[in-house]
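Following: one structure in structure tokens, then a few remarks.
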Number of protein chains: 2
Amino acid sequence: MRELVKAFKALSDETRLRILNLLLERECCVCEVMQVLDISESRASRNLSFLYDAGFLKLRREGLWALYSIDREGLKEHYTDLVEAVRKALEGNETAIQDRRRLRTAQRIGPGCVVASTN
Amino acid sequence: MRELVKAFKALSDETRLRILNLLLERECCVCEVMQVLDISESRASRNLSFLYDAGFLKLRREGLWALYSIDREGLKEHYTDLVEAVRKALEGNETAIQDRRRLRTAQRIGPGCVVASTN
DNA sequence: GTAATATATGCGTAGTTGCGCATATAAGGA
DNA sequence: TCCTTATATGCGCAACTACGCATATATTAC
């Protein structure tokens with residue numbers, strides 16, 4: 001029960017829902033989340049960490065980058081249900097659509113992890 | 001997005017999950033929830049109200065009783081997904097099983113809305 | 001080793017949440 | 001109308017949460 005509460009708590013925040021929305025698109029590093037969602041690095045890192053601790057994400061490191069993604073293989077069934085529910089719920093959501101749009105044109109291209117959205 | 005956050009918030013509390021678990025069994029009045037879960041009337045009422053306001057429940061009145069139930073026909077699709085996810089997640093949960101067990105032997109039998117669980 | 005870069009985390013603060021206690025409100029019966 | 005019963009709600013308080021700011025930690029390149 002405590003675990004389920006934790007999972008719902010993880011999802012009961014807009015910032016974290018928007019992050020999960022990005023990760024439904026593809027794996028991201030902290031600085032990509034930071035820039036795409038236009039939030040502070042600290043805020044991005046903490047919320048990614050929160051989702052990770054709740055059991056939704058997996059983490060791999062590549063050089064300086066911490067890459068988070070949805071742990072589709074490792075998720076317990078009801079977590080999968082929750083992620084799917086979020087995906088469906090955000091399908092027509094304008095903010096979510098714009099966030100994903102920006103991520104699609106983003107690239108992890110080096111120093112400062114610049115999101116190529118200034119183009 | 002705000003609505004989705006509200007839905008997850010509604011589910012991110014143990015008391016409310018336990019209430020929803022009862023309502024998965026059947027319609028309940030405040031005093032049944034109060035007694036089955038062994039919580040105060042105030043706590044039962046508020047949490048039922050929270051779930052109702054979040055859009056999960058429907059309410060009908062019968063005399064002194066306020067009867068809450070899961071609004072299966074009126075639920076938006078992703079709400080249905082969430083409720084289903086809760087149901088599955090609580091399937092093997094001991095607390096949830098015991099709560100439902102007690103509710104099964106309960107009856108709305110009059111003054112004080114006594115739950116026939118002393119038998 | 002030093003400097004630059006990406007991320008994690010300590011600390012403080014404002015806002016939110018859950019709930020006990022008391023009381024208000026609504027409904028039914030005499 | 002008054003009394004009883006079921007429920008809703010005001011109020012206060014302790015605990016929790018989200019986040020900005022600053023700094024610590026980890027990694028890489030020179």
Side-chain angles (χ1 to χ4, degrees), chain A residues 1-2 5-20 23 27-54 57-69 106-115, chain B residues 1-2 5-20 23 27-54 57-69 106-115:
Chain A
M1 188 80 84
R2 187 163 281 111
V5 170
K6 191 171 184 178
F8 279 121
K9 265 189 177 17
L11 301 177
S12 65
D13 173 75
E14 181 167 329
T15 300
R16 289 198 289 277
L17 281 180
R18 290 176 72 189
I19 288 174
L20 197 63
L23 297 179
E27 183 185 64
C28 296
C29 64
V30 178
C31 64
E32 280 177 311
V33 170
M34 172 183 95
Q35 300 208 23
V36 169
L37 298 187
D38 192 31
I39 60 179
S40 69
E41 174 270 318
S42 161
R43 187 168 162 190
S45 178
R46 280 186 207 280
N47 283 294
L48 279 163
S49 188
F50 199 105
L51 287 167
Y52 177 79
D53 290 341
L57 311 182
K58 66 183 174 185
L59 166 63
R60 71 180 179 93
R61 293 180 185 279
E62 192 178 291
L64 291 177
W65 292 313
L67 299 160
Y68 292 84
S69 58
Q107 298 171 40
R108 216 172 294 136
I109 60 172
C113 199
V114 177
V115 178
Chain B
M1 188 80 84
R2 187 161 282 111
V5 170
K6 192 171 181 178
F8 280 120
K9 266 190 175 17
L11 300 177
S12 66
D13 173 73
E14 182 170 326
T15 300
R16 288 198 289 278
L17 281 179
R18 290 177 71 190
I19 288 173
L20 196 62
L23 297 179
E27 183 185 64
C28 297
C29 64
V30 179
C31 63
E32 281 177 309
V33 169
M34 173 183 95
Q35 300 207 24
V36 169
L37 298 188
D38 191 31
I39 58 178
S40 69
E41 173 272 316
S42 162
R43 187 166 161 190
S45 179
R46 278 186 208 283
N47 284 295
L48 279 163
S49 187
F50 198 106
L51 287 167
Y52 177 79
D53 292 339
L57 311 181
K58 66 183 172 184
L59 166 63
R60 71 180 179 93
R61 292 179 186 279
E62 192 176 292
L64 289 178
W65 291 312
L67 298 159
Y68 291 86
S69 58
Q107 299 171 41
R108 214 172 296 137
I109 59 171
C113 198
V114 178
V115 178

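Lettering of chains follows the sequences in order, A, B, ..., and the numbering in each one begins at 1. Worth knowing before you read on, the calculation uses all heavy atoms, side chains too, and leaves out hydrogens, waters and symmetry mates.
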Less than 4.5 Å apart, any side-chain heavy atom of [X] and any of [Y]?
| X | Y | result |
| --- | --- | --- |
| A/Leu59 | A/Leu48 | no |
| A/Asp13 | A/Phe50 | no |
| B/Arg60 | B/Glu62 | yes |

Rounded to the Å, how far apart are [X] [atom1] and [N] [atom2]?
| X | N | atom1 | atom2 | value |
| --- | --- | --- | --- | --- |
| B/Met34 | C/dG18 | CE | P | 21 Å |
| B/Leu64 | D/dA6 | CG | C1' | 5 Å |
| A/Leu48 | C/dA6 | CG | C1' | 13 Å |
| B/Arg61 | C/dG28 | CZ | C1' | 14 Å |
| B/Phe8 | C/dT17 | CZ | P | 16 Å |
| A/Ile39 | D/dG20 | CD1 | C1' | 13 Å |
| B/Leu37 | C/dG20 | CG | C1' | 17 Å |
| A/Leu67 | C/dT5 | CG | P | 19 Å |

Is a side-chain N or O of B/Arg2 found less than 3.5 angstrom from the main chain of A/Glu14, in a donor-acceptor match? no
Has B/Lys6 got a side-chain atom pairing as donor or acceptor with B/Ala54's backbone, closer than 3.5 angstrom? no
Between N or O atoms, less than 3.5 Å apart, protein on one side and nucleotides 15-19 of chain D on the other: list the pairs.
| from | atom 1 | to | atom 2 | distance (Å) |
| --- | --- | --- | --- | --- |
| D/dA18 | OP1 | A/Arg16 | NH2 | 2.9 |
| D/dC19 | OP1 | A/Thr15 | OG1 | 3.2 |
| D/dC19 | OP1 | A/Arg43 | NE | 2.9 |
| D/dC19 | OP1 | A/Arg43 | NH2 | 3.1 |
| D/dC19 | OP2 | A/Asn47 | ND2 | 3.1 |

Under-4.0 Å side-chain N/O to phosphate OP1/OP2 contact, A/Ser45 with C/dT7: no
Hey, does the side chain of B/Tyr68 come within less than 4.0 Å of D/dA8's phosphate (OP1/OP2), counting only N and O? yes
For A/Tyr52, report the nucleic acid contact type (base, sugar-phosphate, nothing); a contact means any heavy atom under 4.0 Å. nothing
Can you tell me whether the side chain of A/Glu41 and the base of C/dA6 have a donor-acceptor pair closer than 3.5 Å? no
B/Gln35 side, atom CD; B/Cys29 side, atom SG - distance, nearest 0.5 Å: 8.5 Å
Parallel, tilted or perpendicular: rings of A/Tyr52 and A/Tyr68 (30°, 60°): perpendicular
